[in-house]
Number of protein chains: 2
Amino acid sequence: MIIQIEPLSDIPIYTQITNQMIEGIARGYMKPGDSLPSVRTFAADLGVNMHTVNKSYHELEKKGIISIIPKSGAIINSPDKTEMHIKRITEEFKPVIAEALVLGWEKEQIQELVMSIMIDLKKE
Amino acid sequence: MIIQIEPLSDIPIYTQITNQMIEGIARGYMKPGDSLPSVRTFAADLGVNMHTVNKSYHELEKKGIISIIPKSGAIINSPDKTEMHIKRITEEFKPVIAEALVLGWEKEQIQELVMSIMIDLKKE
DNA sequence: TCCTTTGTTCTATTTTTAATATAACAGATT
DNA sequence: AATCTGTTATATTAAAAATAGAACAAAGGA
């Protein structure tokens, strides 16, 4: 799982790690049950501090995507159909959809873009 | 156009203003051609600093949503069908869609959520 | 059992960003 | 002429991000 950090980005490093991990899992590069690298080795690979990776892992745990087993490691969760985090996902979608609408996108165009992104992420 | 600032939020104030302005325009509370309040009066209304509002306005301008006329004021743009900002909108959608997929959402469920948000924003 | 690795916790410092506070400027608006 | 506008500048404070180093106690492998 290769992750590219952009030091000049206005997106915090720990968020860059979080997002790229999520995208990597969505693309199937990592699967439920897989272990994540330890915060130390991963930090060394990325050239960042241990605590930065640790913060990203806890962000992933808060989102329900991984489980951190104390003193042991982190493992990617199996999706739980009863826990869709619908409220959070809704709040994350809303500003993007509102922005597209304000810029003049038609509902159908937005649906098409969303579909094309899903297909891109799902194709292996 | 009423805007509610949450001082304790981890979202910066200027981003809260930006997002709520966009949602307000999407809902039709403000329309293309309308003037935004001056940065000073709006800042006074919200109880924040002038520069904070100013930063939000420039964020909105960068997104192509308003035009700032120097020494005069800010006006909401008419949507320009030839300028959909497709690359930026795609990059904004991607992490949210990836997160939903990783949490086990089906493509159809995501499409339904997106549609319901669009309907909610469009209903007046 | 011993040794290494693990996440955790703690303190500390540096850097960057966000937010506020004033002030002054020059064009626009009335 | 007087006011209002966004702009620019400088300064300060507050908060967040990132780094650094150390120590701990449990887990896990040899």
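Numbers restart at 1 for each chain; the letters A, B, ... are given by sequence-line order, proteins then strands.
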Can you find a side chain N or O atom of A/Asn54 that sits less than 4.0 Å from OP1 or OP2 on C/dT8? yes

Would you call B/Asp120-B/Arg27 a salt bridge at under 4.0 Å N-O? yes

Using modelled atom types and a 3.5 Å cut-off, is there a donor and acceptor pairing between side-chain atoms of A/Thr41 and backbone atoms of A/Pro37? no

What integer distance in Å separates A/His58:NE2 from C/dG7:P? 10 Å

Pairs involving residues 28-54 of chain A, ordered by first then second residue, that meet salt bridge (charged side-chain N to carboxylate O under 4.0 Å, His left out) (sequence neighbours left out): none

Polar side-chain atom of B/Asn77 near backbone of B/Pro32 as donor-acceptor pair, under 3.5 Å: no

Are the side chain of B/Gln20 and the backbone of B/Gln4 linked by a donor-acceptor contact shorter than 3.5 Å? yes

Once base and sugar-phosphate atoms are separated, protein heavy atoms under 4.0 Å mark nucleotides 25-30 of chain C, 5' to 3', with B, S and - as --BSS-

Considering the terminal five base pairs at each end of the helix from C/dT1-D/dA30 to C/dT30-D/dA1, what angle separates the two local helix axes, rounded to 10°? 40°

Distance test, side-chain N/O of A/Ser38 to OP1/OP2 of C/dT6, below 4.0 Å: yes

So salt bridge (charged side-chain N to carboxylate O under 4.0 Å, His left out) across residues 60-80 of chain B, not counting sequence neighbours, yields A/Glu99-B/Lys63, B/Lys63-B/Glu92

Using a cut-off of 4.0 Å between protein heavy atoms and nucleotide atoms, how would you tag nucleotides 16-22 of chain C 5' to 3' with B, S and -? --SSBBB

My understanding is that only residues two or more places apart in sequence, or in another chain, count here; which of them pass salt bridge (Lys or Arg N to Asp or Glu O under 4.0 Å) with A/Glu106? B/Lys81

Determine whether A/Ile110 and A/Leu101 make a side-chain contact, defined as any pair of heavy atoms from C-beta on separated by less than 4.5 Å. yes

Does the side chain of B/Ile89 reach to within under 4.5 Å of the side chain of A/Trp105, using non-hydrogen atoms? yes

Hey, does the side chain of B/Gln16 reach the backbone of B/Ile11 with a donor-acceptor pair shorter than 3.5 angstrom? yes

Please report the distance, rounded to the nearest Å, between CZ in A/Phe42 and P in D/dT19. 14 Å

